[in-house]
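Proteins get letters first, then strands, A, B, ... in listed order; numbering begins at 1 in each. These numbers come from a predicted model, not from an experiment.
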2 protein chains.
Amino acid sequence: MTIAEVSKKYDISADTLRYYERIGLMPPVPRTPGGIRDYDEESCGWIELMKCMRRAGVQIEALIEYVALFQKGDVTIDARKELLIEQRNQLVDRMAEMQESLDRLNDKIERYEQGLMTKEKLLQRMKQEREKEKAEVSDDE
Amino acid sequence: MTIAEVSKKYDISADTLRYYERIGLMPPVPRTPGGIRDYDEESCGWIELMKCMRRAGVQIEALIEYVALFQKGDVTIDARKELLIEQRNQLVDRMAEMQESLDRLNDKIERYEQGLMTKEKLLQRMKQEREKEKAEVSDDE
DNA sequence: GTAGCACCTGGAGTAAACTCCAGGTCAAGA
DNA sequence: TCTTGACCTGGAGTTTACTCCAGGTGCTAC
């Protein structure tokens, strides 16, 4: 498979695919005798994995380390497992934070829907009153 | 409240707090006659909201727009609601993607735990065989 | 009234993750 | 064989979201 085909298949630019290989986000891609990339099933597997992990916000740094360990063979299995567990934990944490934000967004939207906006209207009213007071003080001068 | 106190309270650097105000991620913070920021409840509310949204990955751009709309008053209520809904939808999408990655990570970890690594071992075996073949071809030369 | 520390502004610098470019090869068709 | 379009590499540029800095001002305590 050429880089253009892979680019289309996974919706990742050719530049990004070359970049990923160059920084070690995947093992070297097989080449034709002329030096042109010829992606095989394994390469595609790596691309798909990295696309998935990157979309989830896993740092490139960690993924590079994983690939490096993978390339060192079976002696690194424990280290790889630890790395994955660490990333999983971070992912779970991030998702929990996002859930909080989601709840909050939903709350806010609901309030807009009800035309209530209690908190904000209250705060605005408070602000307006403070400004009115200030204005009155100025008038007294 | 001084910027140092707010910084500590929300665990956001003073530089970031100034930056947030400067780019319009929150309305202007009240000042002392000397020009020093004096955060009130409302400012703190904005900071907390923005911290929450940013942690969830909401783009600063969208948040700036929200604040701008908010400052234009009640006529922008519909636009603000739409903006929030859009951000909520994006958040939901991102969380779904993250869940996919999480499932995948969990799968991988489980396979490491079982010492199976079926897919990868299979791929490696395939690769080794390809290389062996190549080596044999070379020997024939 | 001055030492010293927190705060101010505008602007430059940084990190992560791409993205683009120049100048050069490869390969398939006329 | 020549053209043309896809690919190559190394390196520079871009975007987002901060982070740092220089040079200056505002309080507070001696």
Side-chain angles (χ1 to χ4, degrees), chain A residues 1-26 28-40 43-44 46-47 49-68 87 90-91 94 97-98 101, chain B residues 1-26 28-40 43-44 46-47 49-68 87 90-91 94 97-98 101:
Chain A
M1 261 185 137
T2 68
I3 199 167
E5 287 162 350
V6 175
S7 169
K8 198 164 191 181
K9 181 169 178 189
Y10 294 104
D11 193 33
I12 299 177
S13 79
D15 267 319
T16 299
L17 289 172
R18 285 191 210 100
Y19 167 70
Y20 278 4
E21 186 183 352
R22 157 158 72 174
I23 64 171
L25 205 62
M26 56 186 301
V29 175
R31 307 290 182 115
T32 65
I36 286 174
R37 287 178 184 78
D38 182 21
Y39 292 82
D40 60 6
S43 300
C44 288
W46 281 106
I47 290 165
L49 177 65
M50 291 308 160
K51 182 181 179 179
C52 178
M53 293 301 130
R54 285 295 303 126
R55 279 201 317 180
V58 177
Q59 299 298 108
I60 278 190
E61 195 64 32
L63 296 170
I64 289 174
E65 202 185 327
Y66 180 79
V67 176
Q87 293 308 315
Q90 286 186 22
L91 190 45
R94 282 201 305 277
E97 285 176 0
M98 289 171 85
S101 304
Chain B
M1 262 186 136
T2 68
I3 200 168
E5 286 161 350
V6 175
S7 169
K8 198 165 190 180
K9 181 169 177 189
Y10 295 103
D11 193 33
I12 298 177
S13 79
D15 267 319
T16 299
L17 289 172
R18 285 190 210 101
Y19 167 70
Y20 278 4
E21 185 183 350
R22 159 159 66 175
I23 64 173
L25 206 60
M26 54 187 302
V29 174
R31 306 290 184 118
T32 66
I36 285 173
R37 287 178 184 78
D38 183 20
Y39 292 83
D40 59 6
S43 300
C44 288
W46 281 105
I47 290 165
L49 177 65
M50 292 306 160
K51 182 182 179 179
C52 180
M53 292 301 131
R54 287 295 303 126
R55 280 202 317 181
V58 177
Q59 299 297 109
I60 277 189
E61 195 63 32
L63 298 171
I64 288 174
E65 202 185 327
Y66 180 79
V67 176
Q87 293 308 314
Q90 287 186 22
L91 191 45
R94 282 202 304 279
E97 285 176 0
M98 289 171 87
S101 304

Rounded to the nearest 0.5 Å, how far does CD1 of I3(B) lie from CG of D15(B)?
8.0 Å
Gap separating the CD1 atom of I60(B) from the OH atom of Y20(B), nearest 0.5 angstrom:
5.0 Å
Quickly work out the R31(A) CZ to dT25(C) P distance and round it to whole Å.
16 Å
With respect to the phosphate group of dT9(C), does any side-chain polar atom (N or O) of R37(B) fall under 4.0 Å of OP1 or OP2?
yes
Can you tell me if the side-chain N/O atoms of R55(A) get under 4.0 Å from OP1 or OP2 in dA17(C)?
no
Please report the distance, rounded to the nearest Å, between CD1 in I12(A) and C1' in dA17(C).
13 Å
Test side chain to side chain contact (heavy atoms under 4.5 Å, CB included) on K51(A) and D11(A); report intermediate values, then the result.
CA-CA 9 Å; K51(A) 182 181 179 179; D11(A) 193 33; 4.3 Å; yes
Gap separating the CZ atom of R55(B) from the CE atom of M50(B), nearest 0.5 angstrom
14.5 Å
E21(A) CD to dC18(C) C1', in whole Å, measures 16 Å
Distances under 3.5 Å only, N/O to N/O: pair up the protein atoms with those of nucleotides 3-6 of chain D.
none

So how far is it from R31(A) CZ to Y39(A) OH, rounded to the nearest 0.5 Å?
7.5 Å
May I ask you to decide if R18(B)'s main-chain N or O and R37(B)'s side chain share a donor-acceptor pair within less than 3.5 Å?
no
Just verifying a value: how many Å separate E21(B) CD and W46(B) CH2, rounded to the nearest 0.5 Å?
13.0 Å
Protein-nucleotide distance (M53(A), atom CE; dA17(C), atom C1'), rounded to Å:
18 Å
Give the B/S/- string for nucleotides 15-24 of chain D, one per nucleotide from 5' to 3', where a protein heavy atom under 4.0 Å of the base yields B, of only the sugar-phosphate yields S, and otherwise -.
-SBBBB----
Is atom CD of E61(B) surrounded by more than 12 heavy atoms (other residues, nucleotides or ligands) closer than 6.0 Å?
no
Minimum heavy-atom separation for Q87(A) to A62(A), with atom names?
NE2-CB, 3.3 Å
Just how far, in rounded Å, is C1' of dA16(C) from CD1 of I23(A)?
10 Å
Report the distance from atom CE of M1(A) to atom P of dC7(D), rounded to the nearest whole Å.
12 Å
